[in-house]
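Data first, discussion second: the structure below is written as structure tokens.
In the text below, chain A, chain B and the rest are named by the order of the sequence lines, each starting its count at 1. As the structure is a prediction and not an experimental result, all values here were calculated from the model.
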Amino acid sequence: MGKKFAEYSNFNLSDINKEVMRQWDEKDLFHKSITTREGAPSFVFFEGPPSANGMPGIHHVMARSIKDIFCRYKTMKGFHVKRKAGWDTHGLPVELGVEKELGITKEDIGKKISVDDYNAACRTNVMKFTKEWTDLTRKMGYWVDLENPYITYDNKYIETLWYLLKELYKNGYLYKGYTIQPYSPAAGTGLSSHELNQPGCYRDVKDTTVVAQFKMLDPKPEMTQFGTPFFIAWTTTPWTLSSNTALCVGPNIPYVAVQSYNPYTGQPATYVLAKDLLNAHFNPKAADLALEDYKPGDKLIPFKVIAEYKGTDLVGMRYEQLMKWITPENESQAFRVIPGDYVTTEDGTGIVHIAPTFGADDAKVAKAAGIPPLQLVDKYGNLRPSVDLTGKFYLLSDLDPDYVKTHINVGEYKKYEGRFVKNAYDPKLTDKDETLDISICMDMKANNQAFKIEKHVHNYPHCWRTDKPVLYYPLDSWFICSTKARNRMIELNKTIKWKPESTGSGRFGKWLENLNDWNLSRSRYWGTPLPIWRTEEGTEEKCIGSITELFEEIEKSVKAGFMKENPWKNFKVGVYTKENYDPKNIDLHRPYIDSIILVSDSGKPMKREADLIDVWFDSGAMPFAQMHYPFENKDLIDKGEYYPANFIAEGVDQTRGWFFTLHAISTMIKDSVAFKAVISNGLVLDKNGNKMSKRLGNAVDPFGAIEKYGSDPLRWYMITNASPWDNLKFDTEGVEEVRRKFFGTLYNTYSFFALYANVDKFDYSQTEIPMSKRPEIDRWIISLLNSLIKEVDDCYNEYEPTKAGRAISEFVTDNLSNWYVRLNRKRFWGGKEEDKQAAYQTLYTCLETVSRLMAPIAPFFADQLFLDLNAATGKDKSESVHLAYFPKFDASLIDKRLEERMQLAQDISSMTLALRKKVNIKVRQPLKQIMVPILAEHEQENIEAVKDLIMNEVNVKEINFVDDSTGILVKKIKPDFKKLGPKCGKSMKAVAALLQELTQEEISKFEKAGQYTINANGAEITVDKEDVEILSEDIPGWLVANNGSITIALDVTITDDLRKEGIAREFVNRIQNIRKSSGFEITDKICVKIEKSDNVNAAINDYKEYIASQVLANEISLVDNVVNPTELDFDDFKVNIEVEKA
RNA sequence: AGUCCCAUAGCUCAGUUGGUUAGAGCGCCACACUGAUAAUGUGGAGGUCGGCGGUUCAACUCCGCCUGGGACUACCA
């Protein structure tokens, strides 16, 4: 007892932020929020690891707020919510950052700088902004364990990755393949899809394209009747034609054979192409011209369709190699027509040129049809595509001489030997020089091989490092055969709760359906090494799944004499201490790992495959790797306590990134989802809807924003302004508005409460007034409060934080502050004891409950509010709202009819005030009555119940009801379309019009009979009473307002008595002002002297007591003269008055 | 190019299974309040629900096409 509610002189959420954070640290609350729930059911959350080599931005506040909200909520619901922070530390962005910093390129690594030093630089660099990240995380109030984060470069982490890779390997998911990948000849490296999607990588380029003619070897008879028979196919990369080994048709696409002439040479020919594209290549205007009338050079070239085929009819047909420079292996299998489902007739000819070495799709369909790729043998004996790694046609001198002899037509090839396939790759050429494509096209034109040569603009990816176009090029890579698990992934995906749902079924679902194998290889230095060792010929290999296993293998190798000793002899197998796994003791990265040579089962040396693995594997494996599974914490995961996650959240850009890798790894390793629910949030844009970027200077600094506004309004704004999955147009004015509107109001409400509660020494030690004894308005707000609890609980449960926040906000501002507190102020400073207690208890309950409901979103202010309230009452002794429990709603306290009645009161009040406004009578002037037309009994009951509130709020003396019996009501009929619609069908409109035209007599007849027959468009329709709403819209002669079905009339006559009372109220108001401006305490008693005047005498005499009670005056007297007059200016007269302390 | 998301007042957003006065806040204009006061309240103006078609008695709502913005994926020749 005796503890007071804290009162504040100012309201600064940024300061509250800091102070509350200090207390959290002091009390070690984050840890307690976990330890106090020990043993409770666990709610598993996974943190997606950000990369700490960049500064955190405002969008991170968004993403992390979402994560934090649900972790805090679940903690309040009694769950044990462990959450580990994580850092993504490998990968190209890190490497490039380091290269930039050190001023080197990839080629310098191992030369100018040792791999060792380089990786050390990466290790430091990647954690460059850790401090800022930690700082932001704390300031924004994101509770996550930053002291024991998982770090992907950790030896323990890598060891788990190896374990997982080995599991995949054992189950046949890992294979080495030769595939077409984006490759940058200028940079000498393959590129990941992530790199290809850097801003600005896809650019429009103008390329020379050609429709090539492929001469048939075994044409169908009808194709031979006119000129030479050709297939025609379009390509945007003419240089790849020399590597053509097949043509591809759509099996179900219709094709035609057309007799015509080559536009360049004028030679007669029979062309085969897709029927749909006939007019794209043959001008319809020439359709009627006779073939024989054609003379070379004519603009319009005649043509004649002579036959039609389905794609399948063409499959298997053979054609002559277009450029006979190089003879492919297995020549007999090449140069055939093959089927491909991906062929369309959107552009080109419906026949696709296939160069298996330079197209991913090409390689796929070619492989399926047994078509050999066109490959060379280089001087080292390797099979190579016709283009070398620098982007030029191979030099003969770089090839195997025997191969050149047997397979290359040197005379033909010489002309193109060493030509770069894009000018950009050739250091000696510029854009203005003739491209290889053009050279080839010119030759084709001359050789009657080109049907059409055109410039074509298309979108093409460029290397983000060298700015030069990417080449699709075959490279050796390790793959995860994720397609094998595709169906299972699709099935499991259906069990995941996606927010929004469309991302799961749409973006993610479609992605799964079109899944490709996962290319794991990266030829870089800083990353998780692929733990596969191979003999030189690749006939034997070993996949290593743990350090222990590696050590066993090293021992064998030492025995076999391939290694002198184990380089990590201080490492103790099976000892999982931090020290033992410290990089000083062991480092699984390159270059150390590359020095390990193992021995194969047959006794041959094996070297590690030089590749690193995709960093996305690092992050997708975090459920296991963060626990060092299965080496440690095996049970936690196997028994489901820390896996799978109940909930994760990241940006929508992770759909095919982290969300996918988590899902894929989990499906393949555990045949389980990795997460049961996921929120994919949208972007944070600037207030104009533009992407934030440092370059444009429109990026919002999260630190500055938190410092200025505090995290709570920032979080509240971000969460309530738009659904997380919609993009947020971030406007600081919105944050300011949230601060003022929501937090300001809540703070004011609390301050109001605290002020009077302290005066009255309220501390909830008094007996609780039973709900049944509290006034209607108290039961109303408690009912709303319980409805709110249920709603907010449901929203959080359904991962709808936006709706939760909006509901809380509406309750606080509209219902609690603007209605409950405003209407009940007098109860707090006057009022009978029991009624006062009821008011305090009610308001206390509301505020305290709100502090819990809002805590997940606005953790700082909510905690202060909760503690301030409970410090005085001791009702909940939790150290923090975040250790307390989420409120439970009590259905017995919810009274929907009461809520409706109050709504009615609010509507009637609002309408009355609007009427007052119309005739300019201020609220302080009492009026006699409101008239309400009543057509049904329950309407009157409802209003009666809230009558006092209305009268008080709008300052009228009575509410009277006018029922039908008076005969003065003017009624109107409103059709209920929902009921009447199905009944009337097409006549609906006519019926509605007729109903609205009914006279007063007809309406009464209708009411008495209970139904009415209408003749609409010749059809008789019987309308029942239930099909319409009969309402009274007017009382003739009164000032009337209506809104929906409610109509009210206001009596605006001001009688003498009313005028006097108005003056009295005016006095109360003025005297209160004087009290305040004189600096009196609210409990001070006063003495009032008023100068006599005809304008006021009567009013004062009649209302002396009333005024005195309202302004705490011991005495109010009318005097001839006042000594220290204050002049009060009433609208049409002035009065002198003196107010002093009694 | 495909997939997905978004489009409602000047701005930010609500809008139930289709049902007839399309709402709120901010901003703006006017007013009131001044014992919740670095607050607050009330009223008012402000909409072809992106466009065009369709289904329906009835479309902001369902369907199709288009436009604009965004994201993701992608050398379909």
Side-chain angles (χ1 to χ4, degrees), chain A residues 10-11 180 182 193 196-197 202 209 233-237 240 248 340 342-344 346-355 358-362 458-461 469-472 500 502-503 505-508 510-511 514 651-653 655-657 682-683 685 687 689 691 720-723 725-727 729 731 733-734 737 740-741 744-745 747-753 755-756 802 806 809-810 813-814 817-818 821-822 825 829 910 913-914 916-918 920 922-924 974-982 984-992 1043-1044 1069 1072-1073 1075-1077 1080 1082:
Chain A
N10 72 334
F11 177 57
I180 313 301
S193 61
L196 241 38
N197 279 289
Y202 277 88
T209 69
W234 183 54
T235 178
T236 54
T237 48
T240 60
C248 188
Y342 75 107
V343 176
T344 68
E346 267 160 45
D347 45 23
T349 63
I351 300 177
V352 179
H353 138 66
I354 300 293
F358 299 111
D361 282 324
D362 301 28
H458 63 152
N459 213 242
Y460 198 82
V470 156
L471 191 61
Y472 284 81
S502 62
T503 300
S505 56
R507 185 180 290 196
F508 194 68
K510 295 266 161 62
W511 163 257
N514 299 311
V652 68
D653 51 321
T655 305
R656 285 149 182 184
L683 301 177
L685 308 169
K687 63 177 173 181
K691 221 171 176 173
T720 58
N721 188 64
S723 284
W725 36 88
D726 285 336
N727 289 345
K729 289 180 190 162
D731 187 350
E733 276 178 43
E737 186 183 323
R740 212 176 53 237
K741 189 89 195 151
T745 304
Y747 164 77
N748 267 323
T749 306
Y750 168 77
S751 299
F752 172 86
F753 168 81
L755 178 67
Y756 290 104
T802 307
R806 284 176 178 171
S809 178
E810 190 189 326
T813 56
D814 294 358
S817 167
N818 189 31
V821 173
R822 201 160 51 81
R825 272 180 295 185
W829 69 70
S910 166
L913 291 168
R916 275 179 170 275
K917 183 92 185 172
K918 218 178 248 173
N920 258 321
K922 52 175 70 167
V923 181
R924 207 173 286 140
K974 225 174 94 184
D976 184 335
F977 286 87
K978 207 164 184 172
K979 287 182 187 141
L980 221 39
C984 303
K986 289 194 196 284
S987 316
M988 186 63 239
K989 266 190 182 141
V991 172
N1043 179 349
N1069 166 260
Q1072 296 286 31
N1073 285 349
R1075 283 185 61 115
K1076 191 185 177 194
S1077 58
F1080 295 173
I1082 55 171

| request: Using a heavy-atom cut-off of under 4.0 Å over every strand shown, decide if A:Ser751 touches base, sugar-phosphate, or nothing. | output: nothing
Paired to B:rC72 by Watson-Crick or G-U wobble criteria (both distances under 3.5 Å) is B:rG2
Base, sugar-phosphate, or nothing for A:Arg825, non-hydrogen atoms under 4.0 angstrom?
base
When you measure from the side-chain N and O atoms of A:Asn748 to the phosphate of B:rA38, is any distance below 4.0 Å, counting only OP1 and OP2? no
(message) Can you see if the side chain of A:Thr813 gets near the phosphate of B:rG25 - specifically, an N or O under 4.0 Å from OP1 or OP2?
(response) no
For B:rC26, the nucleotide meeting Watson-Crick or G-U wobble distances (both under 3.5 Å) is B:rG10
Winner on side-chain proximity to A:Lys922, out of B:rC33, B:rA36, B:rA14, is B:rC33
What one should report as the nearest heavy-atom pair of A:Arg806 and A:Asn721 is NH2-O, 3.0 Å
Among B:rG25, B:rU73, B:rG19, the one nearest any side-chain atom of A:Lys741 is B:rG25
When rounded to whole Å, the CG to C1' distance for the pair A:Asp814 and B:rA14 reads 13 Å
Across every strand shown, the nucleotide meeting Watson-Crick or G-U wobble geometry with B:rU20 (both distances under 3.5 Å) is none
>> Using atom C1' in both nucleotides, what's the gap between B:rU48 and B:rG44 to the nearest angstrom?
In response: 23 Å
Pairing partner of B:rA45, by Watson-Crick or G-U wobble and under 3.5 Å for both distances, is none
Across every strand shown, the nucleotide meeting Watson-Crick or G-U wobble geometry with B:rU40 (both distances under 3.5 Å) is B:rA32
Atom CG of A:Asn727 and atom C1' of B:rA71 are separated, to the nearest Å, by 7 Å
Closest to the side chain of A:Phe977, out of B:rA36, B:rU21, B:rG19, is B:rG19
Checking B:rU73, B:rU17, B:rA14 against the side chain of A:Trp511 (C-beta onward), the nearest is B:rU73
| Checking all strands, does A:Lys979 fall into the base, sugar-phosphate, or nothing category for heavy-atom contacts under 4.0 angstrom? | nothing
CZ of A:Phe752 to CZ of A:Arg825, rounded to nearest 0.5 Å, is 7.0 Å
Separation between CZ (A:Arg740) and CD (A:Glu733), nearest 0.5 Å, reads 9.5 Å
Considering every strand and a 4.0 Å limit on heavy-atom distances, what is the contact class for A:Gln1072: base, sugar-phosphate, or nothing? base
Out of B:rC26, B:rC57, B:rA14, minimum distance to the side chain of A:Arg740 belongs to B:rC26
Mind checking if A:Gly359 touches a base, just sugar-phosphate, or nothing, with heavy atoms under 4.0 Å? base
Among B:rG41, B:rG43, B:rC26, the one nearest any side-chain atom of A:Glu737 is B:rC26
When every non-hydrogen atom of A:Ala992 is compared with those of A:Pro975, the smallest separation belongs to CB-CG, 4.0 Å
Ranking B:rA14, B:rA36, B:rU42 by distance to the side chain of A:Asn818, first place goes to B:rU42
Closest to the 5' end of RNA chain B, once A:Cys248 and A:Asp726 are matched to their nearest nucleotides, is A:Asp726
Using a 4.0 Å heavy-atom cut-off, does A:Gly981 contact any base of the nucleic acid, only the sugar-phosphate backbone, or nothing at all? base
- Task: Considering only atom P, compute the distance from B:rC76 to B:rA22 and round it to an integer number of Å.
- Result: 48 Å
Note: A:Ile354 and A:Asp362 closest approach over all heavy atoms is CA-OD2, 3.5 Å
Assign each of A:Thr235 and A:Arg924 the nucleotide of RNA chain B bearing its closest heavy atom; nearer the 5' end lies the nucleotide of A:Arg924
| request: For nucleotides B:rU17 and B:rC62, find the distance between their C1' atoms and express it as a whole number of Å. | output: 12 Å
inquiry  = Within the 4.0 Å heavy-atom criterion, would you say A:Ser817 contacts the bases, only the backbone, or no part of the nucleic acid?
reply    = base
Between A:Thr235 and A:Thr237 the two heavy atoms that sit nearest each other are OG1-N, 2.9 Å
In Watson-Crick or G-U wobble terms, with both distances under 3.5 Å, the base opposite B:rG53 is B:rC63
| said: Work out how far the C1' atom of B:rU8 is from that of B:rG69, and round it to whole angstrom. | reply: 16 Å
Give A:Val923 one of three labels, base, sugar-phosphate or nothing, depending on what nucleic acid heavy atoms sit under 4.0 Å from its own. nothing
Practice problem: Describe the nucleic acid contact of A:Arg822 in one word from base, sugar-phosphate, nothing, applying a heavy-atom distance below 4.0 Å. | Solution: base
Original post:
At under 4.0 Å between heavy atoms, what does A:Val821 touch on the DNA or RNA strands: base, sugar-phosphate, or nothing?
Top reply: base
Heavy-atom donor-acceptor pair, A:Thr349 side chain to A:Ile351 backbone, under 3.5 Å: yes
A:Glu733 atom CD is separated from B:rG25 atom P, nearest whole Å, by 18 Å
